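All ligand and atom numbering here is 1-based and tracks the order in the structure. If you're wondering where the values come from, they're calculated on a predicted model, not measured in any experiment.
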Amino acid sequence: MTILIKNGSVVTPQGIHAADVLLDGERIAAVFEPGSTTLGSDIEANADRVFDAAGKYVIPGGIDAHTHMELPFGGTFASDTFDTGTRAAAWGGTTTIIDFAVQTFGQRVQDGFNAWQEKARGNCHIDYAFHQIIGGVDDDSLKAMDELVDEGVTSFKLFMAYPGVFYSDDGQILRAMQTAVNNSSMIMMHAENGMAIDVLVAQALAEGKTDPKYHSLTRPWETEAEATNRSIMLARMTGAPLYIVHMSAKQAVRVLQEAKDEGWNVFGETCPQYLYLSLEDHLAQPGFEGAKWVCSTPLRSKAEEHHDELWKYLRTDDLSIVSTDHCPFCFKEQKELGLGNFSKIPNGIGSVEHRMDLIYQGVVDGKISLERWVEICSTTPARMFGMYPQKGAIAPGSDADIVIYDPAGRTEIGYEKTHHMNMDHSAWEGFVIDGHVDTVISRGRVVVDDNTYLGEKGHGRYLKRGPSQYLI
Ligand code: DUC
Ligand code: ZN
Ligand code: ZN
């Protein structure tokens, strides 16, 4: 099957240029620059399908480097399966996810990894890869890190939060970092001071403060900035590359910025919720409504002015990537586990379907450039996690993962509108985007076109990743 996408504006981090793109089977066959027009040529006549992308952007498919399908959390499981979650991702222009396989405390790492392979195999609509959560650092799990690198898992997430669940102490983090240096992998960090947070949570509950907003008030920005600093110092001691996930506090990014300026190999990720949503407008809604926006790191106070600072850090590359931390829970029966006790509300927001749109709105609003949109949502994730140029590029030989995006389109986000995630509400209810995902192609297959779903469970393939291209 050959597909020609003609007359579009191809956007990559390097620039925007008029070009026609020819796909042959699962790969991009050619990018025809202006002057070598294909219009009326044999190439157009012989193509099985032709898309006219005049007035539209042609971009590499989105890569969401942080999702949690079916994550066990707080006595329940994230509500999207690999089937429903990857289908929703495709709807929104994401053609690759990297999910987190989980080693729970006491379990063999390989068993956790195999369980995630089992959950995903044959169920994904788009390509997928895994990071591995190490929930218990010991001699065996450190050895397992080496084995997983051979399986294409080249990044490992540790938690400075959630004592008794996923938590690692500083000595364990140090050992995992030393291992990462030896096997050329990346350490990813959930940087929040979990010990301090647990004390603040217990004190709040003892004072009868049980509403969802206390989730944020018991995780003040200092707990993120402190853990960010500590993890960077541990990385400096070991020389390990460090990627800090879901950064929400401007003060934490400032710590990261300073380390980057000194030349340390440290990186930051943020998520749409930290760019748009807040304690006052969302988490502190009356009654139990705010539970919809309980996630960690938490939504922060508007009064502290984090949003604009985070957009600025995205512009300056102090933050490198926007992922979603997609971790959906239904309101009924899942979020409701925390009725009367905010600390029992499962942590997570579902956004895998809306990331490309939400961050494109940042282009419309003048926060970032069009090229930067593509860079932080596709190309850098591919490079950061060892998939480039197979993914994240529009170039001959790359996988034919393409989105045709219409800047003249409009997308109304909401539960009854553009919503295919397995949730009974949307954290993004009422958001309107000045753009629209028109067509999505995953490895040469048209999966979304003209508001119609054409994809299929089982099309998505496991991707063995190589080392990060940001290693030094
Ligand atoms: N944060 C969340 O919001 N959900 C899952 C795990 C995490 O770190
Ligand atoms: Zn986390
Ligand atoms: Zn996460």
Check each atom of ligand 1 against the heavy atoms of C295 and keep those under 4.0 Å away; list them by number with element.
3 (O)
Below 30° counts as parallel, above 60° as perpendicular, anything between as tilted: where do the rings of F385 and Y243 land?
perpendicular
Below a 4.0 angstrom heavy-atom separation, can you tell me which part of C327, side chain or backbone, both or neither, approaches ligand 1?
side chain
H68-ligand 1 polar pair, N/O distance under 3.5 Å:
no
Give the atoms of ligand 1, by number and element, whose distance to some non-hydrogen atom of H246 is under 4.0 Å.
8 (O)
Selection from V294, N347, L71 by shortest heavy-atom distance to atom 4 (N) of ligand 1
N347
The Zn ion (ligand 3) has as its nearest N, O or S atom from D325 the atom OD1
I'd like to check which ligand 1 atoms, numbered from 1 as shown, lie under 4.0 Å from a non-hydrogen atom of G348.
3 (O)
Does K119 make a cation-pi contact with F82 (under 6.0 Å, within 45 degrees of the axis)?
no
Checking side-chain polar atoms at under 3.5 Å, does T297 have a donor or acceptor matched by the opposite partner on E192?
no
Show the atoms of ligand 1 that are less than 4.0 angstrom away from any heavy atom in D325.
1 (N), 2 (C), 3 (O)
Does the distance from a Lys or Arg side-chain N to an Asp or Glu carboxylate O, for E456 and R445, drop under 4.0 Å?
yes
How many angstroms lie between atom CD1 of I394 and atom CG of D399, to the nearest 0.5 angstrom?
12.5 Å
I'd like the atom name of the N/O/S atom in H190 lying closest to the Zn ion (ligand 2).
ND1
Here's one to test your reading of the geometry: is the NZ or CZ of K292 within 45 degrees of the ring axis of F331 and under 6.0 Å from its centre?
yes
Give the residue, atom name and distance (to 0.1 Å) of the protein heavy atom nearest atom 1 (N) of ligand 1.
S296 O, 2.7 Å
Without hydrogens or angle criteria, can the side chains of T324 and S351 be said to hold a donor-acceptor pair below 3.5 Å?
no
Is the closest N or O pair between H190 and ligand 1 shorter than 3.5 Å?
yes
Three-point angle H246:NE2, the Zn ion (ligand 2), K157:NZ, rounded to the nearest 10°:
120°
For Y162, take its heavy atoms, then give the atoms of ligand 1 lying under 4.0 Å from any of them.
1 (N), 7 (C), 8 (O)
D325 and Y274: side chain donor to acceptor below 3.5 Å:
no
Can a donor-acceptor pair be found between the side chains of D83 and T81 at a distance below 3.5 Å?
no
